[in-house]
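Only one structure is covered here, and it is reproduced in the block below.
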Number of protein chains: 2
Amino acid sequence: MSVTINDVARLSGVSKRTVSRVINRSPAVGEATREKVLKVIEEVNFSPDKQARGLASSRSYLLGLIYDNPDALYIDEVQRGALSVCSALGYELVVHPCHSKSPDFIEDCLSFIARSKLDGVIILPPVSENKALAAAIREANCAYVRLASVDLDDHDNIVVSDEREAMKAMADHLVELGHTDIGFISGPRRYRSSMERMEGFLAELESCNVTLPPERIIEGKNSYESGITCAHQLLGTTDSANANNSASKRPTAIVANNDEMAAGVLRVASDLAIKVPEELSVAGFDDNILASRIIPSLTTIKRPVSNMARLAVQKLINKSQSADSEKITLDELVKPHLVKRESTDKK
Amino acid sequence: MSVTINDVARLSGVSKRTVSRVINRSPAVGEATREKVLKVIEEVNFSPDKQARGLASSRSYLLGLIYDNPDALYIDEVQRGALSVCSALGYELVVHPCHSKSPDFIEDCLSFIARSKLDGVIILPPVSENKALAAAIREANCAYVRLASVDLDDHDNIVVSDEREAMKAMADHLVELGHTDIGFISGPRRYRSSMERMEGFLAELESCNVTLPPERIIEGKNSYESGITCAHQLLGTTDSANANNSASKRPTAIVANNDEMAAGVLRVASDLAIKVPEELSVAGFDDNILASRIIPSLTTIKRPVSNMARLAVQKLINKSQSADSEKITLDELVKPHLVKRESTDKK
DNA sequence: TTGTAAGCGTTATCAA
DNA sequence: TTGATAACGCTTACAA
């Protein structure tokens with residue numbers, strides 16, 4: 001049927017073992033031999049069988065992607081980024097959306113890893129913040145890299161984007177535009193990333209001498225619906241805040257923990273006939289496709305998602321690579337950055 | 001390390017081969033023996049090694065997802081749908097975005113299949129319409145199922161959603177609202193799905209005695225930017241149509257081949273201060289997340305994407321299953337349906 | 001630097 | 001209905 005290592009060995013007049021060495025980039029092969037073998041490999045279009053390789057070496061050349069994030073755009077960007085490195089190195093990507101609230105979700109992830117003997121997994125936020133999961137995976141002796149906003153693991157096991165810093169840029173942007181009365185809709189406080197973003201934002205405001213009173217800071221759930229609820233609260237249209245909906249009492253800007261919630265804010269503003277950005281500036285985080293399509297388009301923060309995913313794969317592969325084969329080099333990581341659009345303007 | 005088929009054989013006092021038969025649900029095993037073996041399997045928590053199995057039987061228990069579709073939301077929905085069936089049956093899903101314009105993309109897909117000895121692949125639109133790809137995959141002896149809008153393959157190899165029918169509902173909706181002067185932005189005409197949608201829409205209009213002149217029907221590229229270009233054309237703001245931008249000359253409704261282009265139309269309407277839906281109704285196709293978030297929210301058509309993906313996996317697995325093991329039952333397929341929102345209203 | 005032989009954990013062949 | 005034995009295609013001791 002298809003050509004095997006034996007064929008290559010025979011054709012190039014060396015042993016199986018030597019061919020194996022060539023395949024695995026072992027340095028312990030004479031230059032002449034290596035070239036001879038490579039030539040044959042090329043000629044007969046040989047590619048080693050993954051399953052046989054895996055069976056013999058207990059590796060699978062499969063990487064897993066574990067996520068509970070509902071943001072399809074984020075997932076898609078991660079996948080494409082990861083794959084651009086994966087497939088170039090002979091690895092494939094197996095996807096695994098999980099339910100981090102489910103009681104047996106750790107078991108489920110471990111089973112996922114075991115079933116296919118994955119060589120490593122990439123864990124996306126927010127489940128990447130789950131300490132127990134990371135511990136269990138480490139315990140199971142599987143390589144992993146977490147994508148996160150905080151440095152909550154060894155350098156080898158994490159790829160961090162500095163969201164705190166990015167939110168400082170957002171604060172500066174709004175202060176420059178003259179905003180001092182700003183509403184902030186955070187993400188769930190149990191997530192480190194939510195706290196990073198919030199703290200970065202508030203700290204920078206402080207250092208610009210802008211202090212937000214507690215009622216300007218509310219906790220959202222990262223969903224569109226939650227954005228709507230929180231916007232009502234900030235814009236003074238809930239029962240508890242009745243009759244307070246005068247323009248003078250409203251914040252002149254609202255920043256949300258993500259674009260989904262910011263979209264909710266835009267929806268409420270539209271319903272209340274509050275003009276954005278003339279009467280209210282709005283900003284989000286993620287640079288979702290929404291952000292550029294919605295009217296007015298949304299000022300937001302873009303993370304280097306694709307690069308982060310690539311870096312994660314590289315770290316993973318470097319780990320699982322046998323000691324004597326060449327390591328690959330790591331890209332420089334790009335920082336998140338502010339994207340200014342229509343939804344923010346002078347106070 | 002972990003328990004193997006040998007352990008099970010030893011513990012239950014039968015041969016390897018018999019255990020293998022039990023695992024594979026072969027009927028050629030005595031009832032008593034089967035139960036004895038199953039009991040041991042249960043006790044020692046044995047699960048067969050995929051790689052070894054694959055090596056011996058040349059199967060991988062891996063399914064591939066091939067797509068050139070840039071719509072992350074669609075991909076995500078497919079993945080989740082497919083996985084809900086996959087993992088329940090011990091299969092994993094390997095993803096493969098491809099570039100259908102690239103000259104070696106068929107080779108690339110074949111290599112993807114060969115590399116991991118995939119048991120089958122699901123091909124998403126629009127590349128699912130590519131006849132050469134399907135032929136090549138069939139040639140390579142790999143099972144496949146295409147997701148498409150037209151019945152362009154054997155029943156076993158395709159899952160169809162009736163987009164033509166769905167667009168009839170869209171036509172009826174607009175006619176009911178009193179629209180007779182309607183602009184239509186099609187997708188690329190080389191795609192069957194574009195043609196299906198367009199033909200379904202126009203045919204139904206005809207049968208309601210509404211005929212669109214040629215200049216009301218233009219070909220878009222399915223992108224947001226293309227939506228903007230086409231909207232300008234339909235709303236008479238291009239050079240070639242200068243001075244024709246009087247309300248009376250404009251269509252009272254514009255339907256686009258997808259939500260992305262419809263979003264472009266909304267953007268242009270906003271820029272031209274044309275009120276939607278008061279002065280112009282707009283509709284799309286897909287029910288992207290955009291559709292519900294954008295202001296005004298978009299009337300569109302939702303496909304049963306997740307169900308289609310599940311069905312595809314079921315077909316695939318039924319094929320690759322050995323003849324003597326149980327087949328699984330197929331779900332009923334839900335049809336695409338119209339979702340009415342804010343962007344369409346009475347003329 | 002290269003080769004020999006023994007697995008890796010299954011399934012498949014063929015006989016009993 | 002069952003079982004010994006040989007694949008499957010590769011890697012890894014262990015030699016040479």
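A note on names: the letters A, B, ... follow the listed sequences, proteins ahead of strands, and every chain is numbered from 1. For the numbers below, each heavy atom of this structure counts, side chains included, while hydrogens, waters and symmetry mates do not. Since we're looking at a predicted model, the values are computed, not measured.
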I'd like to know if the side chain of [X] pairs up with that of [Y] as donor and acceptor (distance under 3.5 Å, no hydrogens or angles considered).
X      : Y     : value
B:R53  : B:S57 : no
B:S116 : A:K50 : yes
B:N24  : B:S26 : no

Take atom [atom1] of [X] and atom [atom2] of [N], then tell me their distance rounded to the nearest Å.
X     : N      : atom1 : atom2 : value
A:K36 : C:dT1  : NZ    : P     : 15 Å
A:I23 : D:dT12 : CD1   : P     : 11 Å
A:Y61 : D:dG9  : OH    : P     : 17 Å
B:R59 : C:dT11 : CZ    : P     : 9 Å
A:R25 : D:dC10 : CZ    : P     : 16 Å
B:K16 : D:dA4  : NZ    : P     : 11 Å
A:I5  : D:dT12 : CD1   : P     : 11 Å
A:E35 : C:dT1  : CD    : C1'   : 16 Å

- prompt: For DNA chain C, what residues of residues 43-53 of chain B have any heavy atom nearer than 4.0 Å?
  reply: B:F46, B:S47, B:P48, B:D49, B:A52, B:R53
Reckon [X] has a side-chain N or O less than 4.0 Å from the OP1 or OP2 of [N]?
X     : N      : answer
A:S57 : D:dC10 : no
A:S20 : D:dC10 : no
A:S15 : C:dT4  : no
A:N24 : D:dT11 : yes

- prompt: Heavy atoms under 4.0 Å, any strand shown: does B:S58 hit a base, just sugar-phosphate, or nothing?
  reply: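 Answer is nothing: B:S58 stays at 4.0 Å or more from every strand.
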- prompt: Between atom CZ of A:R303 and atom OG of A:S193, what is the distance when rounded to the nearest 0.5 Å?
  reply: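 Reported to 0.5 Å precision, the distance equals 7.5 Å.
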message: Quick check on DNA chain D: between B:T18 and A:L55, whose nearest nucleotide comes earlier from the 5' end?
response: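 Counting from the 5' end, the first nearest nucleotide belongs to B:T18.
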task: Would you please name every residue forming a ring-ring contact (aromatic ring centres under 6.0 Å, His included) with A:Y191, sequence neighbours left out?
output: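 ring-ring contact (aromatic ring centres under 6.0 Å, His included) check on A:Y191 returns nothing, list empty.
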query: Any Lys/Arg nitrogen of B:R80 or B:D76 sitting under 4.0 Å from an Asp/Glu carboxylate oxygen of the other?
result: yes
Electrostatic pair A:D68:A:K101 at N-O distance under 4.0 angstrom: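 Judged by the 4.0 Å cut-off on N to carboxylate O distance, A:D68 and A:K101 do not form a salt bridge.
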- prompt: Hey, does the side chain of A:S87 reach the backbone of A:S84 with a donor-acceptor pair shorter than 3.5 angstrom?
  reply: no
- request: Answer yes or no: is there a donor N or O on one side and an acceptor on the other, between the side chain of A:D119 and the main chain of A:L63, under 3.5 Å?
  value: no
message: So if I take every side-chain heavy atom of B:V14 and compare against C:dG3, D:dG3, D:dC10, which nucleotide ends up nearest?
response: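 Comparing C:dG3, D:dG3, D:dC10 against the side chain of B:V14, the answer is D:dG3.
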Produce the list of close N/O pairs, under 3.5 Å, pairing protein atoms with atoms of nucleotides 13-16 of chain D; give distances to one decimal.
none

message: Students often mix this up, so state it plainly: with edges at 30° and 60°, are the rings of B:H96 and B:F112 parallel, tilted or perpendicular?
response: parallel
